[in-house]
Amino acid sequence: MIRKILFFAIVFPSFLPLLAEKPKFQYFGKAYDLNTGKYVYSDNHKEYYNNGKHTHSEIQYKDANGKVFGSKHIEFDQNSEVPTFKTVDDRDGYTEGADVKGKTVRLFYKRKKEDPLSEKTYNPKTPAVMDGGFDYFVRNHWDELSRGERLSFHFIAPVQLDDYKFAVLKIKDGEWKGRQALYLRLEIDNFVLKQVVKPFLLVYDVQTRRILQFDGLSNINDENGKSLKVKIVYDYPKEVLEP
């Protein structure tokens, strides 16, 4: 389903990082059901760096009781906006990801543990964005977005083995819990689909360009396999927000 491409967690070498590696930064986001306000899960990030560059992240997903139910490995060293990644939900075996080699991307997914892996290799259109690479797209185009420019791009969806046209633009400059913030709207750039896919709200910290809040459809399902509509609030340690 197209809803599977619409979360950016928002806010993320090989798939097995070296045991000796230690993350430079750790933080988490808490996801609340947009309709009920109920706390439903958290995404817990560990960021790894090499010579000052963010190379990859490890993310654990935990339910409201703190039990780990899924994970993601994501690599930014080759292409920060189109990263190699793999997400697995241990509850039902849902898997999606991409392997990026130069300008070529191999997309893959399966909805259930028992399903065969579906995959496709292609050269994406440009500009292209995938998964956690959206954060880097925002950072790399910060000046244009701050000026109010509407930026379009192709969002690659492994679960659809395809890409879709999206656009992001500024809603306003404002404050978020006392911090200067940039409020953005992310929307599908297709008149027909726009009638059924609601836009997403994203709030970014102006000083660090880190995501502070995400409102919209999540790529994480509930226990019944239904996509969650959530508000995610991110909590960073002091050294991240006050570098």
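Of the possible polar contacts, one joining the K120 side chain to the L161 backbone as a donor-acceptor pair under 3.5 Å is found. Panel note: side chain D115, backbone K112; a donor-acceptor pair is recorded below 3.5 Å. The backbone N or O of G133 sits nowhere less than 3.5 Å from a side-chain atom of D131 that would complete a donor-acceptor pair. Remark: the backbone N or O of K38 is paired with a side-chain donor or acceptor of T36 at under 3.5 angstrom. Looking only at distances, a side-chain donor or acceptor of H54 sits under 3.5 Å from a matching main-chain atom of H56. The closest donor-acceptor contact from the side chain of N65 to the backbone of K67 lies at 3.5 Å or more, if one exists at all. Checking side-chain atoms of S80 against main-chain N and O of F76 turns up no donor-acceptor pair under 3.5 Å. In this structure, K30 contributes its side chain and S42 its backbone to no donor-acceptor pair below 3.5 Å.
The pair D89-K113 does not meet the salt-bridge criterion, since no charged nitrogen lies less than 4.0 angstrom from a carboxylate oxygen. A salt bridge links R185 with E187: at least one charged nitrogen is closer than 4.0 Å to a carboxylate oxygen. Between D205 and R210 there is no salt bridge, since none of the side-chain N atoms of the basic residue sits less than 4.0 Å from a carboxylate O of the acidic one.
Cation-pi geometry between R111 and Y94 is not met: the NZ or CZ atom fails to fall both under 6.0 Å from the ring centre and inside 45° of the normal. Figure legend: cation-pi geometry between R106 and Y122 absent, as NZ or CZ is not positioned both under 6.0 Å from the six-membered ring centre and within 45° of its axis.
Across all non-hydrogen atoms, the minimal contact from Y234 to G29 is CD2-CA, 3.7 Å.
Cluster annotation: Y109 is not connected to V88 through the hydrophobic network of ILVMFWY side chains, with a link wherever side-chain heavy atoms come within less than 4.5 Å.
Ring pair F137/F153 is tilted by interplanar angle, where 30° to 60° counts as tilted.
The side chain to side chain contact (heavy atoms under 4.5 Å, CB included) test with P23 singles out one residue from E47, K46, H45, and that residue is K46. Partner of F85 under the side chain to side chain contact (heavy atoms under 4.5 Å, CB included) criterion, chosen from M130, H73, E75: M130.
For Q180, the CD atom counts as loosely surrounded, since its 6.0 Å shell holds 12 or fewer non-hydrogen atoms of other residues, nucleotides or ligands. Within 6.0 Å of the NZ atom in K24, the count of heavy atoms belonging to other residues, nucleotides or ligands exceeds 12.
In the hydrophobic clustering, where aliphatic and aromatic side chains (Ile, Leu, Val, Met, Phe, Trp, Tyr) are joined below 4.5 Å either directly or transitively, Y39 groups with Y32.
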